[in-house]
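Okay, so here's the structure we're looking at.
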Amino acid sequence: MTNSPTDVHPAWLPPAALRPVGARRVHVAGDGPLVATVRAEVAAATTAHGGALVDDPAAADLVLTVDPALDGADAFVVGRRDGVTTVRAGGDAGLLHALHHVVRQGEAAFGADHEDERHAPVEPVRMLDHWDNMTVHPVMGQVERGYAGGSIFYADGKVRHDLSRVEAYARLLGSVGINAVGLNNVNVHATEARLLTDHLDGVVRLAAAFRPHGVRVYLSVSFAAPMTVGGLPSSDPLDPDVQAWWADAAARVYAAVPDFGGFVVKADSEGQPGPFAYGRDHADGANLLARALAPFGGTVFWRAFVYDHHQDWRDRSTDRARAAYDHFAPLDGRFDDNVVLQVKYGPMDFQTREPVSPVIAAMPRTRLAVELQVTQEYTGQQRHAVWLGPQWSQILRFGLWGDGGRTVADVAAGAGAGTGAEGAGAAGTGAARTGGIVAVSNVGDDPFWTGHPLAQANLYTFARLAWDPSADPVTLLDEWIGLTFPDAAAPVRDTLHGILDDSWRTYEDYTAPLGVGFMVRPGHHYGPDVDGYEYTPWGTYHFADRDGIGVDRTRATGTGYTGQYPAPWREVYEDVATCPDELLLFFHHVPWSHVLHSGVSVAQHVYDTHWAGAERTGSNAAAWTALADEVPDDLHARVTERLAEQVRSAHEWRDQLCTYVFRHSGIPDARGRRIY
Ligand code: GCU
């Protein structure tokens, strides 16, 4: 199939995806800046596909109206009566969501009559953090952990002159309900610290590009900015001059960007400055910034990713997994109302498989946001086709106090009964206030946005799960396929499901086993290196020897980490007999011969899963080859190249892991496959 003439891939909004709406007579009514966006979207679609934007609602097939009487500015109801599809939205943002709901439904939106259905987002804040730098780092590139080229926001140390790419991105995000974007890396370097000051005009322009699509902008700030930018002698949060500096900085930002969202902060983490330098704690630090933002309605997203990155591997008493809870749980109740504590989903660092962070269950009097990683730092770096929908769905639906209790998504949404004063006790009914769902973006200036074209599915699925964490991820993937490849023949849909549905599990199969994590090459984190992190200061060890492997995090004999969970998990994880296989080596050190619930030994599990996973990458590549005539040539070629690298890399992982396990355990593969 030949290519489309555009330089940049349209992702899930190619013109044909808007055909069902564009072929109709559409009436749009209401006030608010986003109504203009809806009208422009409909005008373009109807011009392209033969419909019309009509003034008379009685002459329309689709009526889109803002109705302030409806509860919730983001919410909408959609029904169909007498052959007319009618939408009422609580505000202009809801109208934009409603339009794209109808787009996603396609022809089905104009089928049989039905009663009104209400739609509203579960999570109030649905945010993407860009780890973009203004300048290019010689090793890290421009986007930290970015696998899709340079930044779409910045070039040559400034906000880009031409923001048309950002406008296209904002449209994509608005269409799936993302409403917040962090504009720069959480590791704030010297140039980026001045986004608050010298580069504020650029922030104004970026905010203007996002605003018509309902997306507010946030800045990552450096805790040391009063010194490095302001020239003060200190950044002590209790120093009145420091407080005045932040108040002034916030006032200047809001004078320029009245709907500015607020700050994202990484403090006392991996070398970033923070309140510890002054003997203050993280509540002091977060509240300093919160008080500067409060007069303007801004929010601080304060990250809980705080741990000792100068650990001594000889010291078995320190456990990095414990760090966030140990630092933050004692501070519950001390954060101001406009502080949201942003917690990575697991206690370590965005691994393929980790238990859910116990911090999420431990702070009922704190607003919490859960942080996911759409950029595939540890999951194949957008060279491997790894669709993370099932991972995120599992995390968001995880019952922190057992099945039937509140989930991770509930805590982030602030949903639940009670006052929260009862603490993270048995019932887990404490009502936190709303935080939201945040993820690190996977987008760069690559023509396909995400390097691997199929990684667009991750961006899409993240956004849709943030809107409704209970949605079935495979249904969302199907939605993405239908929008992105609207005219493709049936085999495209089947092949994409075949490649992506189980791709997270496949990746887990050929990489670090049973929740132990890492085993990646240090620094860039791509490819296998079983002992690469074993004697480093990073606290990411697996402790393999001739007898066994895994980290003892039990209360009985290990680091005591299991004690950070509420019941039932503190008991389930503590006991090797009840700990789920997929997390066994995260919680326990076991012999290579230990028999899993699945019935095979740890050693045999490694052999079986690594062979199966690597083999699946080969069959995926072959299935994709058969689609050469069904999808655009450039996209086909890019995916082909990435799948070939995935096959190579998966076999490298397989051979290193199997050899490592055999050499350490001496246990042969029961199926006699080749081990080097
Ligand atoms: C990981 C990642 C870093 C990043 C950090 C963070 O450690 O490798 O590049 O800065 O997470 O989330 O702050």
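First listed ligand is number 1; within each ligand, the first listed atom is number 1. What you see is a predicted model, and the numbers here were worked out from it, not measured in a lab.
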Do Tyr154 and Asn133 have side-chain atoms, one donor and one acceptor, less than 3.5 Å apart? no
Heavy-atom contacts with ligand 1 below 4.0 Å: which residues, ordered by chain and residue number? Trp131, Glu144, Arg145, Val186, Asn187, Lys266, Glu270, Arg303, Phe305, Lys344, Asp349, Glu377, His525
Charged N to carboxylate O below 4.0 Å: is that the case for Asp326 and Arg320? no
Does one side chain, of Gln342 or Glu371, offer a donor that lies under 3.5 Å from an acceptor on the other? yes
Verify the distance criterion only: is there a donor paired with an acceptor across the side chains of His384 and Tyr510 at less than 3.5 Å? yes
Does a side-chain N-to-carboxylate-O contact under 4.0 Å join Glu508 and Arg505? yes
Considering only NZ, NE, NH1 and NH2 on the basic side and carboxylate oxygens on the acidic side, decide whether Arg165 and Asp445 come within less than 4.0 Å. no
